[in-house]
There are 2 protein chains.
Amino acid sequence: MNERSRASVAPVKITDVAALAGVAPMTVSRVINTPDRVSAPTAARVRAAIEQLGYVPNLIAGGLSSRRSRMIAAIVPTIASPMFNAPVQSFTDAVGKAGYHVMLALSGYTQEHEDAQIRAVLARRPDGLLLTGARRSPAIRKLLLESQLPVVEIWDTADEPTDVLVGFDHREVGRAVADFFINAGHTHFAVLYASDPRGVGRGQAFAEHIRSRGLPVVAEKMLPAPSNIADGRNALKDIADKLAPRTAVFCSSDLVAYGAMTEARLRGIDVPRQLAICGFGDFELSAQSHPSGTTVRVDGAEIGRVAAEALLARIVGTDEAARVMVPFEIIVRQST
Amino acid sequence: MNERSRASVAPVKITDVAALAGVAPMTVSRVINTPDRVSAPTAARVRAAIEQLGYVPNLIAGGLSSRRSRMIAAIVPTIASPMFNAPVQSFTDAVGKAGYHVMLALSGYTQEHEDAQIRAVLARRPDGLLLTGARRSPAIRKLLLESQLPVVEIWDTADEPTDVLVGFDHREVGRAVADFFINAGHTHFAVLYASDPRGVGRGQAFAEHIRSRGLPVVAEKMLPAPSNIADGRNALKDIADKLAPRTAVFCSSDLVAYGAMTEARLRGIDVPRQLAICGFGDFELSAQSHPSGTTVRVDGAEIGRVAAEALLARIVGTDEAARVMVPFEIIVRQST
DNA sequence: TCGCCCCCTGGTATCGCTACCTTTTTCGGT
DNA sequence: ACCGAAAAAGGTAGCGATACCAGGGGGCGA
């Protein structure tokens, strides 16, 4: 053990502050945590002592004592894709205002890794947990239920969520896009989707809905998750020979859609006249590219905010588990 | 205080495991933390007990006792821009392999907020700290130095970094791009840069270098930070009437560059013949858009990895403060 | 066979803070 | 002026783990 880094970070502890201010440690604790319960002159004296000594409270000790870590763990697949940025940022901001820090863990897109991350963060005794998606392995589900930890699952829906859920139905998105294309008069359809459970949900529901109307799905292709622009370009290359005029393609993310659109134009395929493209996520790129991209918009920031509210309510214990469905919306732009 | 959420998360503690396995708590601790120091049969018995009880160690208690939180705090301006994704992901992976969790905090682009975030995370007694940029307020610098906390600053350079530094010189980038444009035969120049210190560094160094060669900077415009595609489009709109033929514009990010390129093409300005554009960051968009975008590439993942290594070395106390400069590279594509 | 040393294990004392309860002080109402 | 309730402050006892030191047992060299 390294003496230097040990003794150093905060030699000043609450008893030092208390001694300097001439009060009991408990009073210093109150000044920090429940200032209302301390008289103004005492609080001022304590604050002066804190300032003078440069005291930084030790939340590890406080957490052990109070059994509250004031920390919420959030596990998302990745932050490399813009998809989860908005919810993570707004969630972080919202719980931050309530005095909680967020410990962010990245799960990739494999369940084993997510399970491992969940187990690992539980060792830090978070006061709450945000998870992406609503599919848990049985062992983890059991662990979470038994721990009675407040949990919010976002960005998906489920018949029996673990606890609180704030999301939407990806299959419904797929069907809505299918109807949108059908109503626009398209006669042939294709779908490119990432292999994560939610991308698959959107893509397969799209294809099923098309077929249930007796219409042809000329191409259905699965991409790696998370998928990017290059995946979209390559996928369009692969399916280009199957595209009839008036084909409409649904992509599981705006990046894939942008890639498909770029590749189509390079091949002389007119977008949207010969090929209509719809993405998902409403990334800035879709609004600002030319031609701009039709997409499905979900208010990620809203999801983060609502998830934070619901989880915080759950933490203080006032609310029962809630399930909030957030709307989605097809934003029609130039690519359709 | 809510009884339910209190008593629940882990009723099982180390003494329970010890009792079941018929050993002392200390031995259970050894099985978890230093398995080499426990005999195989004992370890097996303890592991069985852990399994049977579903014991999850309490890192808060362990952290208080050992004065090691096994946690590293990372503070970056934002994760909404792709800029910091790579370093954050690779840093997280690398320190994760060494058993550390990362607590990610977002500072926005204001120093006050960053200062507040630093103070807040110090209360959790991280074993190390990753900061973006190398400019600290005097109070924070003093706090960090006195705390002797291992710190790594990334993505910038400084004469006197707080501790370890892994980055590059943004002004050098600006000059390199200026030389690149000059050598390509451009006669007029423009620059669009975000108002964060590093964007300003790149942009102003570019402009100064151009002027020092006696050449004209026909437009110099500051954008909000973080800046996006729309900012790039608007900026090009604003400076369009100042653009002479053979003008070259340097943008402080690939998003701005892409926006500028999109807007230019909509206005019938030929890229790259009438207007050459260079961005910064080598986002996937630049490689995959058409025309593809010339940019400056910095290996963010490498920065994250090296920062992790250096910080971990610092934490175990073997290394002195290091300063690692990572290279950058101009990637020439179709926009120039 | 004896003794030294190392391997393994156990006991004790915190780590820094807060929950809980008790004591002291303040103050309005009559 | 007194009483009782409420506000303010203090004392004590952990929270759940690990550092540190001590002790017991077995292997190996003399």
Side-chain angles (χ1 to χ4, degrees), chain A residues 1-3 5-19 21-46 49-50 53 55-71 99 122-125 127, chain B residues 1-3 5-19 21-46 49-50 53 55-71 99 122-125 127:
Chain A
M1 201 55 19
N2 169 3
E3 233 12 87
S5 75
R6 266 280 214 73
S8 54
V9 175
V12 182
K13 54 183 93 164
I14 203 169
T15 50
D16 300 324
V17 176
V23 298
M26 197 56 235
T27 300
V28 177
S29 173
R30 287 199 191 91
V31 170
I32 295 166
N33 297 307
T34 54
D36 297 346
R37 293 166 192 256
V38 181
S39 72
T42 308
R45 227 166 56 242
V46 169
I50 289 175
L53 295 175
Y55 172 63
V56 179
N58 184 332
L59 284 181
I60 295 186
L64 177 60
S65 181
S66 65
R67 266 114 10 196
R68 292 185 48 213
S69 60
R70 297 157 187 253
M71 185 267 289
L122 287 183
R124 296 197 181 270
R125 301 294 187 268
D127 292 335
Chain B
M1 203 52 27
N2 170 2
E3 235 8 89
S5 76
R6 264 281 214 72
S8 55
V9 174
V12 182
K13 52 184 94 164
I14 201 168
T15 50
D16 301 323
V17 176
V23 298
M26 198 54 234
T27 301
V28 177
S29 174
R30 286 200 191 92
V31 170
I32 294 166
N33 297 306
T34 53
D36 297 345
R37 293 166 191 247
V38 181
S39 72
T42 307
R45 228 167 55 243
V46 169
I50 288 175
L53 295 175
Y55 172 62
V56 179
N58 185 331
L59 284 181
I60 295 187
L64 177 61
S65 182
S66 66
R67 264 107 23 195
R68 292 184 48 213
S69 60
R70 298 158 188 247
M71 185 268 288
L122 287 183
R124 295 198 181 269
R125 300 295 187 268
D127 292 336

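Numbered from 1 within each chain, the chains take letters A, B, ... in sequence-line order.
- Between A:Arg67 atom CZ and C:dG16 atom P the separation is 19 Å, expressed in whole Å.
- For the OP1/OP2 pair of C:dT9 and a distance below 4.0 Å, the side-chain nitrogens and oxygens of B:Thr42 include at least one atom meeting the criterion.
- Heavy-atom minimum distance, A:Asp16 versus A:Pro11: OD2-O, 3.5 Å.
- Atom CZ in B:Arg68 sits roughly 11 Å away from atom P in D:dT18 (whole-Å rounding).
- Between D:dA17 and B:Ser29, no contact under 4.0 Å exists linking OP1 or OP2 to a side-chain N or O.
- When the P atom of D:dA17 is taken as reference, atom CG of B:Leu64 falls 12 Å away, rounded to whole Å.
- Contact annotation: A:Ser39 reaches the phosphate of D:dA9 (side-chain N/O to OP1 or OP2, under 4.0 Å).
- An end-to-end axis angle of 30° holds for the helix from C:dT1-D:dA30 to C:dT30-D:dA1, taken from five base pairs per end and rounded to 10°.
- Dashed line: the shortest gap from a side-chain N or O of B:Thr27 to OP1 or OP2 of C:dG10 is under 4.0 Å.
- Between A:Asn58 and C:dC15 there is no side-chain N or O to OP1 or OP2 distance below 4.0 Å.
- Rounded to the nearest 0.5 Å, atoms CG (B:Asn58) and CZ (A:Arg125) are 4.5 Å apart.
- At a cut-off of 3.5 angstrom, counting only N and O atoms as typed in the model, there is no donor on one side facing an acceptor on the other between the side-chain of A:Arg125 and the base of D:dG16.
- Under 4.0 angstrom from either OP1 or OP2 of D:dA17 there lies at least one side-chain N or O belonging to B:Tyr55.
- Here the shortest heavy-atom pairing between A:Gly22 and A:Arg45 reads O-NH2, 4.0 Å.
- The minimum heavy-atom distance linking A:Ala18 with A:Ala24 is given by the pair CB-C, 3.7 Å.
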Output, in order, the C-alpha distance, side-chain angles, deciding distance and verdict of side chain to side chain contact (heavy atoms under 4.5 Å, CB included) for A:Val31 and A:Val17. CA-CA 11 Å; A:Val31 170; A:Val17 176; over 6 Å; no
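- The listed nucleotides are C:dT18, D:dC15, D:dT18; the one nearest the side chain of A:Met26 is C:dT18.
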Run the numbers on B:Val38 and B:Val23 for side chain to side chain contact (heavy atoms under 4.5 Å, CB included), then give the verdict. CA-CA 11 Å; B:Val38 181; B:Val23 298; over 6 Å; no
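- One interatomic measurement links the two molecules: CZ of A:Arg37 to P of C:dT24, which rounds to 21 Å at whole-angstrom precision.
- The interatomic distance linking B:Asp16 (CG) with D:dC15 (P) rounds to 12 Å, in whole Å.
- The side chain of A:Val23 has D:dG10 as its nearest neighbour among D:dA9, D:dA17, D:dG10.
- Remark: P of D:dC15 and CZ of A:Arg124 are 22 Å apart, rounded to the nearest angstrom.
- Within 3.5 Å, a donor on the side chain of A:Ser65 pairs with an acceptor on the base of C:dT18, or the reverse.
- Atom C1' of nucleotide D:dA17 and atom CD1 of B:Ile60 are separated by 11 Å, given to the nearest angstrom.
- The nearest pair of heavy atoms linking A:Gly63 to B:Ile60 is C-CG2, 4.0 Å.
- Rounding to whole angstrom units, CZ of residue A:Arg30 and C1' of C:dC17 are separated by 13 Å.
- Considering all non-hydrogen atoms of both residues, A:Arg70 and A:Leu59 come closest at CD-CD2, 4.0 Å.
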